[in-house]
Each structure stands twice: as structure tokens, then as C-alpha cells.
Amino acid sequence: MRFYEIFGGILESELEFPELRPTRPGVADWIIRTTDSPVPAGSAESIGWDAVEPDVRVQAYRLAGGYRLKFDDTGVFDVSSDGREISWRPSPSADERAARLDLTGRVLALALHLGGCLCLHASAVSIGGRAIAFLAPKGSGKSTLAVALERAGAELMSDDIVPVELRPAPMARPGAHSVRMFRDTAAMLGMHIDFALDSSTSKPMFRDSAIGRRRVHAAPLDALYLLSSVSAPDAPPVHRKRLSEPAAVTRVLGQTKIGVLLGGPEAAAVLHRTADLVSSVPVYELEVARDFSRLDDVVGTFFAWHSHEPERAVTPVADCA
């Protein structure tokens, strides 16, 4: 068995995860095993589904002793009711890389949910020991903004999933420190292709060793930003507008990682956790200019908004390459 750091805990796995940071053997928060045994007979209640890719979807089921996620391409993942035990039954044509993405994505997000967290589809950084998270669909620039802030002095916390512990006060947990990014954007941010796991693709995954500043512990959550990019040449580099709590609940709920998969009592839990979160943490609409030449202005504004130190020096993005 292998042991890795992820989501502020220890993952014990029969699978190798080259995108994760190895750690010493210890008491695991999550244990992943593979099996070739048939799917056990018994009742499985369908509770939701989601699109992974345009031609691939995942179906969620409630079992007597936990939950099941069935992916069209990679197979069946069963998760125990406490989220700790995960078993994978690969499909005959399963690609192990895709399975690792499923495991560190929706499968572990489900396990974290069962452990009491609210999992957001977001990137996050820590500035001055406090976290900010950027929520948005794929292709909205979450990774670019997070890495640009890291290059300027912030600590990267997560690139895709941000688990939030809600009590006694919201705390963002670190995720995987590997980053998926288009090659040209990565080059402009100083991410060398030698650090990529799959350098032949247009959007490779970069190992965590490509990141200079990482936060491996939870941090108090300062703000949530619902990110969108704008191309208008006369738009400001960055603009934010705080949302009312009712509007924030609706918008943040739409950016939970597995909310669409969960029906019944678990759907109610996602809603209640979202409402608890936005009652404690400000939520903003965020518009960022889609113009790399203005990224230094965007980064500087975030440090001005969130720095807890007077006259915080910010490293220009161009100097990080």
C-alpha cells in the first residue's frame, strides 16, 4: 500500500498516484482498494447523475451500507457510509489515469461530504494565513488566477476541490497541489513542461513540485469569489460585487462538487451546509479581464483586499517565469 497527502489527511491506496505527494505510513483517513469481484447483489437506489465529459457521465446510488458512483468509462466505486473505505471495480477498458482523476475528484469529494465537509468546485490560495476560493466551471481561469497569486507570494491550497469544514468557523482544507493548465498559460506563469505528468496533451497536469508555495494545513476562509472573465477592452482589470445571502446560497450551491449527484437527505445536507457557509463568509461576484498583460493588476488588487500585513510586497507575474 502507498500513502499520500491530500485534503489535509492521509490517503492509503493500492494505486500509485504520481500527481500526489507521498507521505509516511500512518493512520489513513481514506483507504482505496481495487477488486475484481462482481458488484454485490442488493438494492441500489439511484439518487442522481452528472456529466463528467460530453460523452461520459456518472450515476450515484444509495446502498444499504454506503454509496456507489458508477462512471461510464472507469467503472464502479463504492464508498462506505463514513467515507473512509473506497473500493474500485474497474471496467474492462478502464484507463488508470482517468480513474485517478475520478478518485481525487468526485469519489473523494463524496467521502469528504460523508465526513461532514462541504466540497466546492474551486481553486484556493492562502494570503497571510487566510484562504480565498475561486468558484467557477471548467475553463473560467481558476487555475490561472490561483497560480498567478502563488507566484506573487500566496500559498496554493487546491486547484479543483476545496473542502470546507463549517464549525465552529469555516475552514478551507488543502486539496491536491497538482495543477492542470494549458501549455501556453503554464509557460507564461513559469510552469516548466518538465514538471508535467502528461506533456503530450494540450492541458497537462503539473506535479506539485512545480509549485513553490503550498499550504498543507487548513486555513480560515476569508471570502468566496464566483469567477467570470470578461474580454471588453474598457473593463477594469478586476471588479467584485458582494452578493446578498439568498443570492449567494443559490450561486454557491451550483458550484458544489457533487451536489447534483446527491438526492434525498444528502441533498438537504448540502443545502444546509451551503446556507451555513454563506452566513459566515462573504460571497462576491468577480469579473477578471481576460488579458494576461493585466494580470499583475489583478494580483495586486487581491493582495490589497486580503493582505493582513501593511504594505505587502507583490512579485510581478512576469518576474516569476
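No experiment lies behind these values; they were computed from the predicted model shown.
Taking the six-membered ring for Trp, Phe17 and Phe3 have ring centres at least 6.0 Å apart. Here the two rings, on Tyr284 and Tyr225, have centers that are under 6.0 Å apart. In this structure, Phe77 has its ring center under 6.0 Å from that of Phe71. Here the two rings, on Phe7 and His217, have centers that are 6.0 Å apart or farther.
Going from atom OG1 of Thr250 over to atom CD of Glu245 covers 12.0 Å, rounded to the nearest 0.5 Å. Remark: Leu295 CG to Leu149 CG distance equals 8.0 Å, nearest 0.5 Å. Distance check: Gln255 CD to Leu253 CG gives 10.0 Å after rounding to the nearest 0.5 Å. In this structure, the separation between CG on Leu11 and CE on Met1 is 8.5 Å, given to the nearest 0.5 Å. Put simply, CZ on Arg62 and CG on Leu262 are 8.5 Å apart, with the number rounded to the nearest 0.5 Å. Taken to the nearest 0.5 Å, the CE atom of Met181 stands 9.5 Å off from the CE atom of Met188.
Side-chain N or O atoms of Arg213 include none that pairs as donor or acceptor with a backbone N or O of Leu156 at under 3.5 Å. The backbone N or O of Ala28 lies less than 3.5 Å from a partner atom in the side chain of Arg84, making a donor-acceptor pair. The closest donor-acceptor contact from the side chain of Asp72 to the backbone of Arg57 lies under 3.5 Å. Between the side chain of Lys142 and the backbone N or O of Pro137 there is at least one donor-acceptor pair closer than 3.5 Å. Judged by distance alone, with hydrogens and angles left aside, the side-chain atoms of Thr256 form no donor-acceptor pair with the main-chain N or O of Ile258 at under 3.5 Å. With hydrogens and angles ignored, the 3.5 Å screen pairs no side-chain donor or acceptor of Ser81 with any backbone N or O of Gly66. Side chain of Ser140 to main chain of Ala136: no donor-acceptor pair is present (N/O by atom type, distance under 3.5 Å, no hydrogens or angles). Of the possible polar contacts, none joining the Arg2 side chain to the Pro22 backbone as a donor-acceptor pair under 3.5 Å is found. Distance alone, capped at 3.5 Å, is enough to place a donor-acceptor pair between the Thr104 side chain and the Arg100 backbone. Within the 3.5 Å criterion, the main-chain N or O of Leu103 finds no donor-acceptor partner in the side chain of Arg106.
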Requested in this report: Evaluate the side chain to side chain contact (heavy atoms under 4.5 Å, CB included) criterion for residues Arg33 and Glu85: first the C-alpha distance (whole Å), next the side-chain angles of each, then the deciding distance (0.1 Å), finally the verdict.
Outcome: CA-CA 8 Å; Arg33 294 186 174 92; Glu85 302 277 345; 3.1 Å; yes
Report task. Using the salt bridge (Lys or Arg N to Asp or Glu O under 4.0 Å) rule, take Arg130 and Glu155 through it: C-alpha gap first, then chi angles, then the decisive distance, then the call. Result -> CA-CA 10 Å; Arg130 302 184 68 86; Glu155 296 172 306; over 6 Å; no
Report task. Start with the C-alpha gap between His113 and Arg273, add the side-chain angles, then the distance that decides, and say whether side chain to side chain contact (heavy atoms under 4.5 Å, CB included) holds. Result -> CA-CA 10 Å; His113 167 84; Arg273 292 173 194 176; 3.0 Å; yes
Query - Verdict with supporting geometry, Tyr67 and Ile47, side chain to side chain contact (heavy atoms under 4.5 Å, CB included) - result: CA-CA 10 Å; Tyr67 291 83; Ile47 58 173; 3.9 Å; yes
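Using a 4.5 Å heavy-atom cutoff, the side chains of Val76 and Leu69 are not in contact. Taking the side chain as every heavy atom from C-beta outward, Lys257 and Leu120 never approach each other to under 4.5 Å. Between Val79 and Leu114 the shortest side-chain heavy-atom distance falls below 4.5 Å. Considering only heavy atoms from C-beta on, Arg89 comes within 4.5 Å of Val39 through its side chain. Put simply, the side chain of Leu112 does not reach to within 4.5 Å of the side chain of Leu110, judged on heavy atoms. Between Ile86 and Asp78, the closest side-chain pair of non-hydrogen atoms is not below 4.5 Å. Between Glu150 and Arg214 the shortest side-chain heavy-atom distance does not fall below 4.5 Å. Taking the side chain as every heavy atom from C-beta outward, Pro204 and Arg183 approach each other to under 4.5 Å.
A donor atom on one side chain and an acceptor atom on the other are found under 3.5 Å apart for Glu14 and Thr34. For the residue pair Ser46 and Gln59, a side-chain donor N or O sits within less than 3.5 Å of a side-chain acceptor on the partner. Side-chain atoms of Thr74 and Asp102 form a donor-acceptor pair, as typed in the model, at a separation below 3.5 Å.
When every heavy atom of Arg294 is checked against every heavy atom of Pro236, the shortest pair comes out as NH2-C, 3.7 Å. Across every non-hydrogen atom of Ala133 and Leu135, the tightest pair is O-CD1, 3.9 Å. Nearest heavy atom pair, residue Ala275 against residue Val249, reads CA-CG2, 3.9 Å. Residues Leu261 and Val58 approach most closely at CD2-O, 3.7 Å, considering heavy atoms. Scanning both residues, Ala186 and Phe206, for their nearest heavy atoms gives CB-CZ, 3.5 Å. Across all their heavy atoms, Cys119 and Ile161 have their closest contact at CB-CG2, 4.2 Å.
Under a cutoff of 6.0 Å and an axis angle of 45°, Arg240 and Trp305 form a cation-pi pair.
Looking at Leu224, Leu118, Leu277 one by one, the single match for side chain to side chain contact (heavy atoms under 4.5 Å, CB included) with Pro170 turns out to be Leu277.
In the hydrophobic cluster analysis, where Ile, Leu, Val, Met, Phe, Trp and Tyr join through side-chain heavy atoms closer than 4.5 angstrom, Trp88 is grouped together with Tyr4. Under a hydrophobic clustering in which Ile, Leu, Val, Met, Phe, Trp and Tyr are joined whenever their side-chain heavy atoms come within less than 4.5 Å, directly or via other members, Leu226 and Val125 fall into different clusters.
Within 6.0 Å of the CZ atom in Phe182, the count of heavy atoms belonging to other residues, nucleotides or ligands does not exceed 12.
Using a 30° and 60° split on the angle between ring planes, His306 and Phe302 fall in the parallel class, below 30°.
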